[in-house]
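Heads up: the structure comes next, in structure tokens.
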Amino acid sequence: MNTLSDIDALRAALDAPRRQGQRIALVPTMGNLHAGHLALVEAARQRADLVVATIFVNPMQFGPGEDLDAYPRTLADDQAGLARAGCDLLFTPDTASLYPRGLETHTRIRVPEVSEGLCGGSRPGHFDGVATVVSILFHLVQPDVACFGEKDYQQLAVIRRLVNDLHLPIEIVGVPIVRADDGLALSSRNGYLSAAQRAQAPGLYRTLCELRDALLAGEPRAAAIDAALLRLAERGFSPDYLEVRAPDLSPLRSDSRQAVILAAAQLGPARLIDNLTLTLPQ
Ligand code: PAF
């Protein structure tokens, strides 16, 4: 696997494969890779001749006081994992090359509606930063297909809308959440948890499963959500949001059957997110 950090070198490396008609897949990441990321690379491998991964801790998507500086940087381990998973090319740009005039004056991409509320409500500007950097990476790599994890459900919805609105000829693939044996969704931020907090952390998924079961049993939605919020607090979380929406994140209509439960909650130093899709009873 080749690692490049220079934009011109990346373009040069992709030129011949593109001219030969090879199908190119992109897996954008911020590094500190775990099995969830490697599942993205495997999904990309199945859909393309050439797999390009990127590692860039994107300052534009972090708010003031968030964990930009603390975000773990583990390049050597990441390179080894990516190579094993079948990645062909790793792009690791620095901030100055992606945002040469600085963040403040850089062109920003805003995806309205779907980026509002949920994580977008608690992290103002976060999805503008995601949409901007993903657009830059799409333009640099010009992939045929790009893979994103379903754990970041709203991010995936934002990127689908972005690709649709900008008429980009890129297939967006959502890859199912990879969970630890105890149900916790894998996340780089799980590394912030102490041993005791790590033992509590599966309580988020457990609560989502209990809420799903209550909804499947026909309990009224508002009461079931209130009970789940209480359970989260009893399990040591400070809930940020817990909502049930339609799969495209629009408000759930009374006749909607497909739904997604989405939650974010703080546990000690880590803000954890998770989601669960379900088919509601008629
Ligand atoms: O999901 C992530 O790791 C990031 O938000 C992404 C998509 C790589 C953009 O920086």
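Because the structure is a prediction, the values reported are computed rather than measured. Just so you know, ligand 1 is whichever comes first in the structure, and atom 1 is the first atom listed for that ligand.
Between His37 and Val27 the shortest side-chain heavy-atom distance does not fall below 4.5 Å.
Looking at Asn32, its side chain never comes within 3.5 Å of a backbone N or O of Tyr71 through a donor-acceptor pair.
Near Val133, with a cut-off below 4.0 Å to any heavy atom, the atoms of ligand 1 are 9 (C), 10 (O). Close approach of ligand 1 to Pro28 is summarised as follows: ligand atoms under 4.0 Å from at least one heavy atom of the residue are 8 (C).
A salt bridge does not link Glu42 to Arg45: none of the charged nitrogens lies less than 4.0 Å from a carboxylate oxygen. Ion pairing between Arg11 and Asp15 fails under the 4.0 Å rule for side-chain N and carboxylate O.
By the criterion of a heavy-atom distance under 4.0 Å, the backbone of Thr29, and not its side chain, is placed next to ligand 1.
Between Tyr99 and Phe56, the ring planes lie tilted relative to each other; the angle falls in the 30° to 60° range.
Of the protein's non-hydrogen atoms, Gln61 OE1, 3.3 Å is the one closest to atom 9 (C) of ligand 1.
Comparing Gln155, Met60, Met30, Lys151 by heavy-atom distance to atom 7 (C) of ligand 1, the nearest is Gln155.
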